[in-house]
Number of protein chains: 2
Amino acid sequence: MPAWNVLAATCPSRTSLARIANKWTAMAVAVLGNGRLRFGDLKTQLEGISGKVLTETLRDLERDGLVTRHVHAEVPPRVEYELTPLGLTLHEPLLALCRWAEEHIAEVLENRENYDAR
Amino acid sequence: MPAWNVLAATCPSRTSLARIANKWTAMAVAVLGNGRLRFGDLKTQLEGISGKVLTETLRDLERDGLVTRHVHAEVPPRVEYELTPLGLTLHEPLLALCRWAEEHIAEVLENRENYDAR
DNA sequence: CGGAATCCTTTCGGATACTG
DNA sequence: CAGTATCCGAAAGGATTCCG
């Protein structure tokens, strides 16, 4: 196996980093860590996300094997999304990012004010 | 202090999440964790980044107080960037993301193949 | 309900040229 | 060297409509 390195422009690992280092991905994986959720509930929790973007985000996560899609043969349809074992290994790191943003936003806002005042 | 929550559409913490949950930010903070670096060296290490984007990324990080900019009064100019104490608290989480991408890319690539084969 | 399709606007990000 | 300014194409992402 090659020495994967996100710093190398053509290394495939960078495509994976680009996908996980993303606002919506972080929020989705953080929320899905609490258990499987149906599309509509996820959309409600990720306040402000459009249906299109949520669909694309989930499809990408499914393609990379981070999320499984459970389709129930009902009408109206019910589709649930759940983290795979691989996706679970990302839950803590991405939840940590969300927490960081929440825990440090006060300081960040202050820094922005100081910066903009110059 | 309010209950900051990245899931809330208008919560300021989401603007911070959007900035740190980003490919170039993750790579820059990961690299800067090894110590201060001048602009050109950073640009070399973040293979493929354009000068414009690196400048913008660093200015945003500086504005949020994650990075300090050291300008040396020399000619040709020498400018170095360094993580602040606040930025240092992000180093481990973001380095973890880079590492995750490198460590799991083989599995991810396999998952993509399987998915695309359908 | 969970999308897919379409349209449109905004943002991202690269290339180039120029400057202190 | 480390930017800044400008231009442009590509991609992200929202709104709306329609369908099984």
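The structure displayed is predicted, hence computed values, not measured ones. Proteins get letters first, then strands, A, B, ... in listed order; numbering begins at 1 in each.
- Protein chain A contacts DNA chain C from C/dC1 to C/dC7, reading 5' to 3' and using non-hydrogen atoms of the protein with a distance under 4.0 Å.
- With sequence neighbours excluded, no residue forms a side-chain contact (heavy atoms from CB on, under 4.5 Å) with A/Asn34.
- B/Asn22 meets the side-chain hydrogen bond (donor to acceptor under 3.5 Å, both in side chains) test with B/Thr25; sequence neighbours excluded.
- Interface residues of residues 64-72 of chain B facing DNA chain C, ordered by number: none; criterion, heavy-atom separation under 4.0 Å.
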Extract all donor-acceptor atom pairs below 3.5 Å that involve side chains of residues 42-53 of chain B and protein atoms in other chains or at least two apart in sequence.
unit_1  : atom_1 : unit_2  : atom_2 : d
B/Thr44 : OG1    : B/Gly40 : O      : 3.0
B/Glu47 : OE1    : A/Ala9  : N      : 2.8
B/Ser50 : OG     : B/Val53 : N      : 3.3

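- The backbone N or O of A/Asn111 sits nowhere less than 3.5 Å from a side-chain atom of B/Arg63 that would complete a donor-acceptor pair.
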Mark up nucleotides 8-20 of chain D, 5' to 3', with B wherever a protein heavy atom is under 4.0 angstrom from a base atom, S wherever such an atom reaches only the sugar-phosphate, and - elsewhere. -----BBB----B
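- Formation of a donor-acceptor pair under 3.5 Å by the B/Thr84 side chain with backbone atoms of B/Gly65 is found in this model.
- The ring-ring contact (aromatic ring centres under 6.0 Å, His included) contacts involving residues 94-118 of chain A comprise A/Trp100-A/His104, where partners must be two or more places apart or lie in separate chains.
- Near DNA chain C, meaning a heavy atom under 4.0 Å away, there are no residues from residues 27-41 of chain B.
- Annotation: ring-ring contact (aromatic ring centres under 6.0 Å, His included) contacts involving residues 66-97 of chain B, sequence neighbours excluded, are absent.
- In this structure, B/Arg14 contributes its side chain and B/Val6 its backbone to a donor-acceptor pair below 3.5 Å.
- Across its full length, the helix from C/dC1-D/dG20 to C/dG20-D/dC1 shows an angle of 50° between the axes of its 5 terminal pairs at either end, rounded to 10 degrees.
- The closest donor-acceptor contact from the side chain of A/Ser16 to the backbone of A/Ser13 lies at 3.5 Å or more, if one exists at all.
- Applying the salt bridge (Lys or Arg N to Asp or Glu O under 4.0 Å) test to pairs two or more places apart or on separate chains, those with a residue in residues 105-115 of chain A are A/Arg112-B/Asp64.
- Applying the salt bridge (charged side-chain N to carboxylate O under 4.0 Å, His left out) rule to B/Glu82 yields the partners B/Arg36; only residues at least two apart in sequence or on another chain are considered.
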